[in-house]
Amino acid sequence: MSDKKNISENMQKAFSEFSSKFSRYLHSEVHNEPDFLKKEDKILHQRLDEKEEEENKEILKKYNLILNDQTPDSDKEQLFAAYNLFKAIKEAEKQFATSDVNLKKDILVTTLEQKPELTTGPDFIYLRCWLMFEKKAEDLVPQFTANSDGTFSLTFVPARFAQYSLADKEIMRVIREKLYKLS
């Protein structure tokens, strides 16, 4: 019985000594980051913040070009007209379609499909954001579909099925937070 008591006391003593040494180690200079590493870390964070700020400014600059475009047949006006037409067709289909009569393809024809910066380039997300934030068109999302002949067609998908690249998600986040103050 005394052996068990000695073993228990020895274990408690060893654990107590270890805890004490470990506590001293955690609070010692050896464990703390050296000042030069803290300084480098601060500089790195500052550079990252500056780079992010520059990228955000560029995003907002591109978006503002769309916001300020007042030409009557601008890309944004074409997109909004296409959205309204598509929505009206879908409403009419709900009202009048039967099992024998319905729409087969949801394809609209605009001049937007002829602009590579929109169909295959990075600029279409800015028009999507304009439609979503300025026109409150959050139910349907425009997208281009590649045709077998190498051309593109504009269509709309329900927002819950919309897919965005990581870059597009970041652009949307910046526009939403910085310009519209939404989170």
Side-chain angles (χ1 to χ4, degrees), residues 11-71 74-80 82-83 110-146 150 152-183:
M11 286 178 64
Q12 285 178 339
K13 184 178 177 185
F15 184 72
S16 178
E17 287 176 11
F18 171 77
S19 293
S20 175
K21 287 180 181 179
F22 188 65
S23 177
R24 284 193 307 266
Y25 168 75
L26 287 176
H27 295 93
S28 72
E29 288 295 320
V30 173
H31 178 70
N32 290 336
E33 260 185 13
D35 287 339
F36 75 91
L37 285 180
K38 289 180 185 176
K39 187 175 181 179
E40 283 182 10
D41 194 39
K42 187 176 180 178
I43 292 170
L44 180 60
H45 280 291
Q46 183 179 356
R47 285 183 185 158
L48 288 173
D49 290 344
E50 288 169 359
K51 184 173 175 20
E52 181 180 9
E53 189 59 36
E54 287 174 24
E55 290 171 353
N56 290 350
K57 284 180 183 178
E58 187 62 30
I59 288 169
L60 294 175
K61 179 180 170 185
K62 284 184 178 182
Y63 187 67
N64 280 320
L65 289 174
I66 290 172
L67 283 179
N68 297 326
D69 185 2
Q70 299 301 321
T71 55
S74 67
D75 292 348
K76 67 182 184 183
E77 295 305 323
Q78 282 189 52
L79 184 63
F80 189 53
Y83 168 80
T110 70
T111 60
L112 299 175
E113 299 94 34
Q114 301 165 6
K115 298 181 176 184
E117 66 273 14
L118 298 178
T119 58
T120 58
D123 293 347
F124 192 51
I125 187 62
Y126 296 99
L127 282 175
R128 287 171 125 182
C129 286
W130 174 83
L131 189 65
M132 184 180 359
F133 296 127
E134 290 293 316
K135 296 300 184 181
K136 308 293 187 225
E138 297 173 348
D139 54 339
L140 298 170
V141 176
Q143 70 178 26
F144 286 107
T145 305
F152 291 88
S153 298
L154 178 65
T155 189
F156 289 82
V157 295
R160 66 181 179 276
F161 298 125
Q163 295 182 357
Y164 301 96
S165 68
L166 289 176
D168 286 354
K169 287 178 182 178
E170 179 62 13
I171 290 169
M172 289 171 63
R173 182 195 66 76
V174 169
I175 292 170
R176 181 184 305 112
E177 290 177 4
K178 304 281 184 191
L179 201 59
Y180 295 98
K181 308 294 187 216
L182 304 170
S183 53

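In this chain, numbering begins with 1 at the start of the sequence shown.
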Check your understanding: So, for K178 and K181, which heavy atoms are closest and what is the spacing to 0.1 Å?
Key -> O-NZ, 3.0 Å

Exercise for review: Answer yes or no: is there a donor N or O on one side and an acceptor on the other, between the side chain of K62 and the main chain of D123, under 3.5 Å?
Suggested key: no

Review point. When rounded to the nearest 0.5 angstrom, what is the spacing between CD in E55 and CD in E53?
Key: 10.0 Å

Check your understanding: Taking atom OG1 of T110 and atom CD of Q78, what is their separation to the nearest 0.5 Å?
Key -> 5.5 Å

Practice item. Look only at the side chain of N64 and the backbone of L60, and say whether a donor-acceptor pair between them is shorter than 3.5 Å. Key: yes

Practice item. Supply the atom-to-atom distance R160 CZ to L140 CG, rounded to the nearest 0.5 angstrom. Key: 9.5 Å

Exercise for review: Over all heavy atoms of both residues, which pair between Y126 and I175 is shortest? Give the atoms and the distance, please.
Suggested key: CD2-CD1, 4.1 Å

Exercise for review: Please lay out, stage by stage, how E134 and Y180 fare under the test side-chain hydrogen bond (donor to acceptor under 3.5 Å, both in side chains).
Suggested key: CA-CA 10 Å; E134 290 293 316; Y180 295 98; 2.4 Å; yes

**Study point:** Over all atoms of both residues, closest heavy-atom pair of E113 and T119
**Key:** O-CG2, 3.4 Å

Check your understanding: So do D168 and F124 actually touch side chain to side chain, heavy atoms under 4.5 Å?
Key -> no

Practice item. Considering non-hydrogen atoms only, spot the tightest contact between A137 and Y83 and give its length. Key: CB-CZ, 3.4 Å

Exercise for review: Only counting residues at least two apart or in another chain, list the ones meeting salt bridge (charged side-chain N to carboxylate O under 4.0 Å, His left out) with E170.
Suggested key: R173

Check your understanding: Which heavy-atom pair separates R128 from L79 by the least distance, and what is that distance?
Key -> N-CD2, 4.5 Å

Point to revise | L131 side chain near F80 side chain, heavy-atom distance below 4.5 Å | key: yes

Check your understanding: For Q163, does the CD atom have more than 12 heavy-atom neighbours from other residues, nucleotides or ligands under 6.0 Å away?
Key -> no

Revision key, fill the gap. CZ (F133) and CG (L182) are apart, to the nearest 0.5 Å, by 6.5 Å

Study note, to complete from the structure: SG of C129 to CG of L67, rounded to nearest 0.5 Å, is 10.0 Å

Point to revise | Note, Q70 side chain near E77 side chain (heavy atom, < 4.5 Å) | key: no

Exercise for review: For I43, enumerate each residue passing the side-chain contact (heavy atoms from CB on, under 4.5 Å) test, keeping only those at least two apart in sequence or located in another chain.
Suggested key: K39, R47

Practice item. Could you tell me whether D75 and K115 make a salt bridge, using a distance below 4.0 angstrom between a side-chain N and a carboxylate O? Key: yes

Exercise for review: Find out whether Y164 and M172 are in side-chain contact, i.e. whether some heavy atom of one side chain is under 4.5 Å from a heavy atom of the other.
Suggested key: yes

Review point. Got a second to check how far T111's OG1 is from L154's CG, nearest 0.5 Å?
Key: 10.5 Å

Review point. Are the side chains of I171 and Y63 in touch, meaning some heavy atoms are under 4.5 Å apart?
Key: no

Practice item. State, to 0.1 Å, how close A159 and V141 come at their nearest heavy-atom pair, and which atoms those are. Key: CA-CG2, 3.7 Å

Practice item. Evaluate the side-chain proximity of K57 to K61: yes if any heavy-atom separation is below 4.5 Å, no if none is. Key: no

